[in-house]
Amino acid sequence: MPQTSPVRVRVALTGTVVGAVLVALGVIAPAVEAAPPSSYGVSGVDTSHYNHETTGSRWETAIEWNRVAVSNSFAFLKATQGVSSKDDWFARDYAATARTSLLRAPYHFFHPRTTADGAAQARHFVATARAAGYRGDRGAVGGVHGPGTVANVKAFQEAAGLRADGVVGTQTWAALLSRG
């Protein structure tokens with residue numbers, strides 16, 4: 001039977017004891033299961049042309065975004081894939097979500113077979129998203145802004161006990177999201 005080195009045993013025991021102490025002190029946490037989605041304070045959808053009903057061999061039915069907005073806060077919309085594919089519904093869905101309360105943003109499906117030119121995929125995505133009206137700032141993600149937007153933001157900030165400057169910064173976003 002091979003002998004175990006006393007040094008190895010001491011190191012292993014020390015590591016185990018240190019780990020247990022760190023868990024007990026709350027410095028590190030033991031592995032736990034994720035909370036079920038039903039417990040999340042915010043919910044949203046991720047869509048592409050596959051989420052549109054088909055009639056025959058094509059995806060032809062529009063999503064009823066007003067119905068989606070009743071029980072969701074955001075929508076991620078597939079814009080592109082690889083260096084040339086554009087989602088057939090992206091521009092229409094992006095425009096339609098602007099008429100709802102949903103926060104919205106496009107996404108790119110990275111195509112691993114064309115990894116030699118990730119920059120080309122990024123350029124394709126940015127061009128497609130911009131063509132649909134996306135500008136990459138929170139204002140665009142937040143949807144439609146009209147003349148009353150700043151006044152409404154200030155009113156919300158006052159009600160939430162924040163500095164009422166009309167700018168949706170980190171604290172305002174946190175307050176908005178905490179209200180579900």
Side-chain angles (χ1 to χ4, degrees), residues 26-27 29 32-53 59 61-111 118-180:
V27 174
V32 295
E33 288 187 33
S38 60
S39 70
Y40 299 167
V42 177
S43 64
V45 295
D46 163 359
T47 66
S48 73
H49 63 279
Y50 291 111
N51 299 104
H52 294 266
E53 291 183 27
W59 292 277
T61 305
I63 292 172
E64 295 181 35
W65 288 107
N66 286 324
R67 289 183 63 197
V68 173
V70 169
S71 57
N72 292 281
S73 302
F74 64 87
F76 288 118
L77 311 165
K78 181 179 179 184
T80 55
Q81 181 171 338
V83 295
S84 61
S85 177
K86 293 180 185 178
D87 190 275
D88 293 338
W89 278 89
F90 169 65
R92 288 176 281 184
D93 284 343
Y94 190 75
T97 55
R99 296 184 293 272
T100 72
S101 60
L102 292 167
L103 298 172
R104 64 203 169 110
Y107 74 89
H108 173 74
F109 189 90
F110 183 78
H111 199 292
Q121 291 191 51
R123 285 190 299 274
H124 173 54
F125 169 66
V126 169
T128 301
R130 284 185 177 161
Y134 182 72
R135 297 293 174 257
D137 58 15
R138 283 195 172 145
V141 175
V144 177
H145 292 261
T149 301
V150 172
N152 289 329
V153 169
K154 285 181 178 179
F156 173 82
Q157 289 168 325
E158 286 176 11
L162 302 172
R163 185 173 60 116
D165 59 5
V167 176
V168 182
T170 307
Q171 291 179 333
T172 303
W173 271 106
L176 284 165
L177 294 175
S178 72
R179 297 179 193 279

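Here the structure is a predicted model, which means the values were calculated and not measured. Quick note: numbers below take in every heavy atom, side chains included, and nothing from hydrogens, waters or symmetry partners.
Atom CD of Gln121 sits about 9.5 Å away from atom OG of Ser84, to the nearest 0.5 Å. The distance from atom OG1 of Thr47 to atom CD1 of Ile63, rounded to the nearest 0.5 Å, is 5.0 Å. Expressed to the nearest 0.5 Å, how far CG of Asp88 lies from NZ of Lys78 amounts to 10.0 Å.
With sequence neighbours left out, the side-chain hydrogen bond (donor to acceptor under 3.5 Å, both in side chains) criterion links Asp93 to His52, Trp65. Partners of His124 by side chain to side chain contact (heavy atoms under 4.5 Å, CB included), not counting sequence neighbours, listed by chain and number: Thr80, Lys86, Thr128. Take Phe74 and apply the side chain to side chain contact (heavy atoms under 4.5 Å, CB included) test, not counting sequence neighbours, and it matches Val42, Phe76, Leu103. Partners of Ala69 under the side chain to side chain contact (heavy atoms under 4.5 Å, CB included) rule, at least two apart in sequence or in another chain, are Thr100, Ser101, Leu102. Considering only residues two or more places apart in sequence or on other chains, Ala62 meets the side chain to side chain contact (heavy atoms under 4.5 Å, CB included) condition with Trp89.
Ring planes of Phe90 and Tyr94: tilted class, angle from 30 to 60°.
Shown here for Asp87 and Ser48, the closest heavy-atom pair between the two residues is OD2-CB, 3.4 Å. Looking at every heavy atom in both residues, Gly82 comes nearest to His108 through O-CE1, 3.1 Å.
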Could you tabulate the donor-acceptor pairs under 3.5 Å formed by side-chain atoms of residues 154-167, not counting sequence neighbours?
{"residue": "Gln157", "atom": "OE1", "partner": "Asp165", "partner atom": "N", "Å": "3.0"}
{"residue": "Gln157", "atom": "OE1", "partner": "Gly166", "partner atom": "N", "Å": "2.9"}
{"residue": "Gln157", "atom": "NE2", "partner": "Asp165", "partner atom": "OD1", "Å": "3.1"}
{"residue": "Gln157", "atom": "NE2", "partner": "Val167", "partner atom": "O", "Å": "2.9"}
{"residue": "Gln157", "atom": "NE2", "partner": "Thr172", "partner atom": "OG1", "Å": "2.9"}
{"residue": "Arg163", "atom": "NH2", "partner": "Asp165", "partner atom": "OD2", "Å": "3.1"}
{"residue": "Asp165", "atom": "OD1", "partner": "Val167", "partner atom": "N", "Å": "2.9"}

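Counting only distance, with no hydrogens or angles, the side chain of Ser43 and the backbone of Ser71 share a donor-acceptor pair below 3.5 Å.
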